[in-house]
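See structure below.
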Amino acid sequence: MKDDTLSGPRTHALLADGTTVCIRPALASDHEQLQGLYEEMSPENLRLRFFAASRRSAQMAADRACAPPRPGYRALLAERNGQVIGLAEYETGDSGTEAEISVAVADGLHHRGVGTLLLEHLVSAARADGVTSFTADALSENHEVLRLFADLGLRTARRFEGPEVRCTIALDEDDDYLTAVEERGRAADVESLRPLLRPTAVAVVGAGRTPGSVGRAILHQVKSGAYTGRLWAVNPAAASILGVPSYPSVSALPMTPDLVVVAVPAAAVPATAQECGKAGVRALLVVTAGLDAEQAHALRTACRTHGMRMVGPNCLGISDTDALLRLNATFAAHPPRPGTAGVAVQSGGVGIALLDGLSRLGIGVSSFVSLGDKYDVSGNDMLQWWETDGSTDLALLHLESFGNPRAFSRTARRVTRRIPVLTVDAGRTDAGRRAAASHTAAAATRTMTRQALFTQAGITAAHSVGELLETAALLHSQPLPAGSRVAIVTNAGGAGVLSADACAEAGLALPAPTAELVDDLLAVLPEGAAIGNPVDATAAVTEEQLGDCVDRIMRHPGVDAVLVALVPTAVAVATGDDLVKAVTGRPGHRPKPVVVVRLEQALPVELLPRTGAGTVPGYAEPQAAARALAHAARRAAWLARPAGTIPELDGIDPARAHACVETYLKIHPDGGWLDPRACAELLDCYGIPQLPWAWATTEDEAVLAADRMRGADGRVVMKGHWPGLLHKTAQRAVHLDLRGDSQVRAAFRDLGTRFAGRLTGVVVQPLAARGTELFAGVVQDEVFGPLVLFGLGGTATEVLADHAARLAPLTDHDVHDLITSPRCAPLLFGAGGGGPVDLPGLEQLLHRLSRMASDLAQLAEADFNPVLAAPGGVTVLDARLRLLPRRQQDPYLRRLR
């Protein structure tokens with residue numbers, strides 16, 4: 001949680017032991033505490049810190065940190081329970097880009113990550129201030145501080161000068177640093193969740209003596225679930241509830257519980273949270289709904305002040321089925337079956353549906369968290385918990401909002417390489433409101449942004465809870481396919497046709513069998529069988545014949561998965577053949593996935609037990625089986641592709657770009673659309689190729705500009721401009737194919753007449769050569785960050801909506817996906833005989849656009865339309881950029897919500 005108060009920005013974050021600290025700027029009022037921080041250090045630590053054990057150094061250090069704000073200096077404090085426990089500071093001196101740093105941590109609190117966390121926040125602040133490197137002097141015997149610098153994950157150089165070491169730390173943000181920050185954050189996060197998910201003692205506040213209260217229901221669930229820790233109720237009017245000892249207050253409990261369940265009326269929640277915090281409680285589960293803004297703020301403040309992690313409010317509860325714990329603190333009607341799926345949901349109704357579905361399938365649940373209004377614990381926290389809990393092999397999420405999507409994406413990319421991560425893509429109806437967009441980049445919806453996040457992070461996104469369970473059944477029970485080639489086997493032609501349609505609609509391939517496979521299958525199937533894809537084994541097929549058929553297809557290298565579609569027949573009944581057992585009754589490992597479709601099956605999906613061990617998913621509809629196989633194939637393809645890289649770009653000047661942005665926003669503090677000259681300057685800062693152009697405000701200037709811009713054929717284009725003009729063609733503010741001075745003058749006079757009072761000037765350009773007209777753009781989402789769009793351009797771009805999108809920063813894989821995903825992609829690769837366009841140039845354009853959007857938080861929108869792509873190069877013909885007065889925020893900085 002971040003509070004901007006009179007004392008400056010305050011950010012809460014986790015230490016290595018899972019406790020919470022507040023990171024904030026040092027103030028004049030901190031002088032006494034800071035001086036005490038140094039004075040309480042041992043003489044040895046004072047010597048290592050100041051190179052001498054003088055007590056005078058303590059006052060001088062406090063004076064420096066608490067002095068009035070001054071350019072080039074920044075001091076950050078770590079504070080816990082109102083007590084300052086650490087300080088990190090830097091000063092640039094005469095240099096604006098290199099800063100001297102120092103770090104101090106209270107005695108007794110070393111090795112808990114205080115110094116590292118302070119330095120991470122100091123690095124983020126320094127980068128925002130334009131600092132590119134830190135320097136620090138230390139005694140060579142000060143191994144702790146040298147290890148602190150070395151373990152940051154930043155490039156550090158050391159120079160020994162007698163007994164001292166001069167350390168220089170480059171502040172470049174690369175993947176090594178982000179990975180190091182991630183690893184520290186994961187360890188701290190998991191440690192902070194232990195009191196919540198693996199508590200040794202639980203208290204329920206608000207459990208009534210009469211049936212009907214949520215608190216009483218949760219108390220009953222915890223008790224009846226055979227929770228192995230200590231359990232109490234808190235109710236001043238009862239000595240015992242449901243046979244559980246009850247106490248008048250949290251402070252009256254015989255020991256401090258790790259977890260307190262809060263089920264009191266909304267008005268009483270803040271006071272209850274404060275009491276828990278003062279008593280030393282480490283975690284809260286707040287099931288109460290209906291908190292107003294003041295109550296919500298007080299609850300958050302209590303949790304952060306006292307370092308408590310919190311689930312809720314307005315939630316169903318939590319459950320952990322660990323055999324040594326068996327905690328079920330929910331008010332769901334049925335306890336979850338122990339298993340291996342981790343579940344986190346915002347909707348209680350979705351949570352109940354997933355718990356019931358996973359229990360029915362036999363997959364079960366390792367841990368379940370109903371996030372509710374998600375004031376604190378989020379899906380990101382749960383992914384990190386499941387990554388390390390040792391019992392989760394499948395993660396299911398239902399998230400209606402994202403607190404920090406870019407941090408979530410990095411976490412998900414890491415976790416989903418170890419276990420499948422599935423989600424329900426909720427809220428897709430936003431796409432229906434896209435028609436109101438005024439220009440192409442704004443046509444990006446939150447739906448498109450979410451889908452980009454899921455795709456890039458390797459998350460399997462289903463469209464419904466049913467589809468989520470169908471896919472979970474397959475991923476839980478079967479190996480991943482090597483590709484998307486599916487063979488269909490059926491005992492009824494109609495079922496095979498339905499299955500073939502479903503597979504094709506899901507994007508799966510149905511390869512024709514080879515001559516060798518045809519002969520192989522004819523040798524085992526009954527007379528009259530049709531060997532194609534589908535394979536129609538006929539109603540006469542026996543259990544043994546069908547099993548042999550499936551096994552032979554499994555061994556064929558041209559098939560990645562097998563779908564067996566079965567209908568009950570009188571023939572099978574008469575012969576006593578159980579055709580399902582042809583798939584499930586053969587022991588032994590199968591290296592490829594197989595699924596069964598039974599059109600008479602009552603349930604949408606079941607897990608059918610196999611002989612020996614394992615299960616096979618059975619579906620009532622071929623569409624469900626095909627969707628699940630398609631999701632599995634996409635996951636396999638994502639895992640098979642190496643992690644993408646963000647290339648180094650030459651010829652870029654971010655410092656000049658920032659200066660351009662600051663200059664514009666000083667003149668236009670509310671932001672706005674840049675004029676052509678400012679647009680061109682920003683594009684030039686990132687080496688984005690533009691068609692030559694000239695600016696003119698008078699008829700004579702336009703003629704001179706046309707003389708300079710004319711190519712070999714002597715033709716030019718004139719485009720009118722005024723602030724806010726978006727669609728020049730739609731406004732008829734463009735004149736094409738102008739030849740000679742008279743046509744140029746006539747075009748200028750026409751624009752001046754029709755747009756009198758608005759026209760501020762014209763852009764004159766040479767007539768562009770032929771090529772494919774494309775669109776590239778950016779929309780800066782305040783939650784998700786910059787989204788890069790690419791697709792077909794020109795005047796029909798919004799009508800056809802042939803676009804793909806990925807979140808910046810773009811890797812090489814992301815750029816490849818952007819170029820190949822739109823329907824117009826074949827044109828870029830030479831379809832129609834025109835030859836391929838300059839694909840490396842197109843890749844460079846997208847990477848440079850991504851870098852510009854990542855560097856400049858103020859870039860609200862960018863529209864490059866058209867971008868002309870030809871075999872000889874890629875050029876932006878028209879660019880529009882809009883700036884807003886936004887502050888750059890480090891998306892990877894460790895902080896709590």
Side-chain angles (χ1 to χ4, degrees), residues 2-13 21-43 45-107 109 114-139 142 145 148-149 164 166-169 171 887-888 890 893 895:
K2 181 177 176 181
D3 296 325
D4 288 321
T5 65
L6 292 176
S7 59
R10 304 166 66 86
T11 301
H12 291 83
V21 294
C22 173
I23 307 295
R24 63 171 178 83
L27 305 169
S29 57
D30 295 313
H31 191 281
E32 182 178 349
Q33 279 210 53
L34 273 175
Q35 185 168 337
L37 172 76
Y38 290 109
E39 289 177 343
E40 292 170 8
M41 288 183 180
S42 67
N45 281 341
L46 279 175
R47 185 183 69 84
L48 292 174
R49 169 66 182 81
F50 296 112
F51 299 9
S54 168
R55 293 291 172 181
R56 172 68 178 159
S57 300
Q59 182 177 341
M60 294 173 61
D63 289 345
R64 182 176 64 252
C66 297
R70 55 196 184 275
Y73 179 80
R74 190 183 288 263
L76 296 178
L77 300 179
E79 182 182 62
R80 188 174 67 177
N81 294 326
Q83 182 68 38
V84 173
I85 61 172
L87 169 71
E89 54 189 332
Y90 75 72
E91 188 158 16
T92 58
D94 295 332
S95 169
T97 59
E98 184 178 275
E100 184 86 15
I101 64 167
S102 63
V103 186
V105 176
D107 277 10
L109 290 174
V114 178
T116 304
L117 184 62
L118 278 168
L119 280 180
E120 287 178 16
H121 281 255
L122 200 67
V123 165
S124 180
R127 285 176 179 150
D129 292 341
V131 177
T132 59
S133 64
F134 282 163
T135 60
D137 293 322
L139 293 175
N142 193 346
V145 77
L148 170 65
F149 296 151
E164 298 179 15
R166 180 75 168 176
C167 298
T168 302
I169 305 167
L171 303 190
R887 290 181 57 191
Q888 191 88 20
D890 186 345
L893 184 65
R895 53 175 167 252

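Keep in mind that the numbers below use all heavy atoms, side chains included, and drop hydrogens, waters and symmetry copies.
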Can you name the closest pair of heavy atoms from [X] and [Y] and give their distance?
X: Leu122; Y: Arg74; result: CD1-O, 4.2 Å
X: Ala65; Y: Tyr73; result: CA-OH, 3.2 Å
X: Ala13; Y: Leu117; result: CB-CD2, 3.7 Å
X: Ala88; Y: Leu118; result: CB-CB, 3.8 Å
X: Ala58; Y: Gln35; result: CB-O, 3.9 Å
X: Pro25; Y: Leu77; result: O-CD1, 4.4 Å

> Is it true that Glu89 and Arg64 have a side-chain N and a carboxylate O under 4.0 angstrom from each other?
Replying inline: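 Salt bridge present between Glu89 and Arg64.
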Going from [atom1] on [X] to [atom2] on [Y], what distance comes out if it is rounded to the nearest 0.5 angstrom?
X: His121; Y: Ile23; atom1: NE2; atom2: CD1; result: 5.0 Å
X: Ser102; Y: Arg49; atom1: OG; atom2: CZ; result: 4.0 Å
X: Cys66; Y: Leu34; atom1: SG; atom2: CG; result: 4.5 Å
X: Leu893; Y: Glu120; atom1: CG; atom2: CD; result: 7.0 Å
X: Leu37; Y: Leu87; atom1: CG; atom2: CG; result: 7.5 Å
X: Asn142; Y: Leu48; atom1: CG; atom2: CG; result: 4.5 Å

> Does the pair Leu119 and Ile169 meet the rule for a side-chain contact (heavy atoms from CB on, under 4.5 Å), with working shown?
Replying inline: CA-CA 11 Å; Leu119 280 180; Ile169 305 167; 6.0 Å; no
> If you draw a 6.0 Å radius around CD in Glu32, do more than 12 non-hydrogen atoms from other residues or ligands fall strictly inside?
Replying inline: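 Counting neighbours around CD of Glu32, 12 or fewer heavy atoms of other residues, nucleotides or ligands fall under 6.0 Å, so no.
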>> Could you check whether any side-chain heavy atom of Asp30 comes within less than 4.5 Å of a side-chain heavy atom of Arg24, counting everything from C-beta outward?
In response: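 SC-SC contact between Asp30 and Arg24 confirmed.
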>> As a quick check of understanding, evaluate side-chain contact (heavy atoms from CB on, under 4.5 Å) for Thr92 and Thr97, giving each step before the final call.
In response: CA-CA 7 Å; Thr92 58; Thr97 59; over 6 Å; no
>> Please determine whether side-chain contact (heavy atoms from CB on, under 4.5 Å) holds for the pair Val21 and Val114, giving the CA-CA distance in whole Å, both sets of side-chain angles, and the decisive distance to 0.1 Å.
In response: CA-CA 9 Å; Val21 294; Val114 178; 5.6 Å; no
>> Thr135 vs Thr168, test: side-chain contact (heavy atoms from CB on, under 4.5 Å). Steps then yes/no.
In response: CA-CA 4 Å; Thr135 60; Thr168 302; 4.0 Å; yes
> Tell me, which pairs form a ring-ring contact (aromatic ring centres under 6.0 Å, His included) where one or both residues lie in residues 74-98, sequence neighbours left out?
Replying inline: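 Of all non-adjacent pairs touching residues 74-98, those that pass ring-ring contact (aromatic ring centres under 6.0 Å, His included) are Tyr90-Phe134.
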>> Strictly distance-based, threshold 3.5 Å: is any side-chain N or O of Arg10 a donor or acceptor partner for the main-chain N or O of Cys22?
In response: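 Judged by distance alone, no pair lies under 3.5 Å.
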> Distance-only, no hydrogens or angles: does the Asp137 side chain make a donor-acceptor pair with backbone N or O of Glu164 under 3.5 Å?
Replying inline: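 Checking the backbone N and O of Glu164 against the side chain of Asp137, no donor-acceptor pair under 3.5 Å is found.
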